[in-house]
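One-based numbering, in listed order, for ligands and for the atoms of each. We use all heavy atoms of the structure for the numbers below, so side chains are in, but hydrogens, waters and symmetry mates are not.
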Amino acid sequence: MDEEREPLSFEEICTRWGEEPERYLGSVVPPIFQNSLFTAPSVGARSRRAGRYIYTRESNPTTDILNAKLAALEGAEDARCFASGMAAISAALMSQLRSGDHVVCVKHAYYPARALLQDYLSRFGVEVTFVRGDRVEDFEQALRPNTRVFYLESPTSINLWLQPLEQVCSLARSHGITTIIDNTWATPIFQRPMQLGVDIVVHSASKYLGGHSDVIAGVVCTSRQHVEAIHREMTLVGGILDPFAAWLILRGLRTLPTRLHQHQQNALKVAQWLEQHSAVHRVLYPGLPSHPQHELARRQMSGFSGLFSFTLKQNWREAAVGVVDALRMFHVGVSWGGYESLALPMLIDDYDGEQRWGLRVHIGLEPPERLIADMEQALRHAEDKGR
Ligand SMILES: *Cc1c(COP(=O)(O)O)cnc(C)c1O
């Protein structure tokens with residue numbers, strides 16, 4: 001890329017950037033190269049050096065367009081897509097770790113990522129320490145001579161806690177430690193961790209990047225220095241993204257900035273409404289001034305997405321289940337980042353260390369007034385039952 005040019009806007013990246021319609025008969029949408037193999041007219045012309053594709057486990061033109069867009073969105077030098085967020089996370093971790101290494105991981109990170117470290121990579125001699133992570137001192141105290149990776153997720157997706165990224169990354173740098181962050185919650189639209197010093201950014205593209213709850217995918221965005229090792233994980237372990245799934249993510253990306261701003265507007269309205277409701281104990285949304293890390297959130301993020309939690313005054317499981325089951329516009333479901341609103345009963349770690357029952361909600365693209373009205377009747381229903 002030409003360094004002198006104006007920085008690209010998210011909208012430019014998500015629309016035209018990285019595409020060459022003239023290569024593909026002027027097609028305004030890039031074609032899906034749904035083929036395993038690329039052939040050549042002669043043995044000599046066969047190589048990647050001759051500008052050719054060879055085999056889709058290594059590279060594919062449709063997936064390459066997606067790699068370029070996702071790298072540009074994160075302000076990274078390069079990116080590789082994977083068959084799921086977990087494939088991306090495991091590739092990022094395994095590219096950095098060897099037997100005898102130690103990882104410091106945020107204790108509220110996505111559960112399968114923690115299980116990968118604790119129950120799976122432990123079989124290969126990798127050690128892990130879990131920390132709260134809201135203060136840089138947590139990482140400092142967990143340091144060992146063999147610490148190789150800080151695994152971050154900010155904000156986390158159930159408790160919505162943040163890590164002070166600049167401080168944590170500068171600590172990591174001074175000890176030669178690689179930082180990996182799961183940026184699924186904020187997306188690059190609202191947080192660009194590489195500008196804060198993070199080395200490797202991973203996403204579940206199954207959430208906002210895809211945005212329509214119709215595809216499972218993941219991505220690793222990083223520097224030229226690390227991308228070779230990531231590429232090696234991709235081709236040796238083989239968890240590549242299928243070209244059709246890459247095409248679906250490209251399609252979802254067209255509206256990523258627009259969708260995220262709408263999710264933010266809707267979520268803020270619902271969160272503010274919930275905060276003043278008599279049945280609600282606390283709303284955990286970094287976009288609210290009442291969030292204990294709101295100031296940090298505003299420093300390291302430029303906006304807030306649609307996923308958050310709130311706890312109930314009636315602090316027992318049946319109350320939370322009662323509210324969820326009384327909701328009509330919210331589906332019950334574990335994933336998020338699509339157009340639809342979702343709710344789950346959840347035991348939530350509040351910032352002061354207390355555990356309380358509540359709901360995790362994803363605020364979709366439905367009219368927020370309708371979502372609020374639905375929440376109002378569900379909370380009233382649960383309050384009446386609790387009397
Ligand atoms: C869903 C999710 C993942 C895993 O992504 P998959 O695409 O389901 O493998 C990782 N991190 C977070 C925060 C998630 O929500």
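- Judged by a 6.0 Å distance limit and a 45° cone about the ring axis, Arg123 is positioned over the six-membered ring of Tyr120.
- Considering Tyr285, Tyr208, Phe330 as possible partners of His362, the one that fulfils the ring pair (Phe, Tyr, Trp, His ring centres under 6.0 Å) test is Tyr208.
- Annotation: cation-pi geometry satisfied between Lys207 and Tyr110 (NZ/CZ under 6.0 angstrom from ring centroid, within 45° of ring axis).
- Put simply, the residue from Leu312, Ile348, Thr311 that forms a side chain to side chain contact (heavy atoms under 4.5 Å, CB included) with Arg356 is Thr311.
- Listed by first and then second residue, the ring-ring contact (aromatic ring centres under 6.0 Å, His included) pairs involving residues 137-163 are His108-Trp161, Phe139-Phe150, Trp161-Tyr351 (not counting sequence neighbours).
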| said: Walk me through whether Asp199 and Arg173 qualify under salt bridge (Lys or Arg N to Asp or Glu O under 4.0 Å). | reply: CA-CA 10 Å; Asp199 298 306; Arg173 283 268 145 91; 2.7 Å; yes
In a simple table, one pair per line, please give the protein and ligand 1 atom names for every N or O pair closer than 3.5 Å, along with the distance.
{"unit_1": "ligand 1", "atom_1": "5 (O)", "unit_2": "Ser204", "atom_2": "OG", "d": "2.9"}
{"unit_1": "ligand 1", "atom_1": "7 (O)", "unit_2": "Gly85", "atom_2": "N", "d": "2.8"}
{"unit_1": "ligand 1", "atom_1": "7 (O)", "unit_2": "Ser204", "atom_2": "OG", "d": "2.9"}
{"unit_1": "ligand 1", "atom_1": "7 (O)", "unit_2": "Ser206", "atom_2": "OG", "d": "2.6"}
{"unit_1": "ligand 1", "atom_1": "9 (O)", "unit_2": "Gly85", "atom_2": "N", "d": "3.0"}
{"unit_1": "ligand 1", "atom_1": "9 (O)", "unit_2": "Met86", "atom_2": "N", "d": "2.8"}
{"unit_1": "ligand 1", "atom_1": "11 (N)", "unit_2": "Asp182", "atom_2": "OD2", "d": "2.6"}
{"unit_1": "ligand 1", "atom_1": "15 (O)", "unit_2": "Lys207", "atom_2": "NZ", "d": "2.6"}
{"unit_1": "ligand 1", "atom_1": "15 (O)", "unit_2": "Trp336", "atom_2": "NE1", "d": "3.4"}

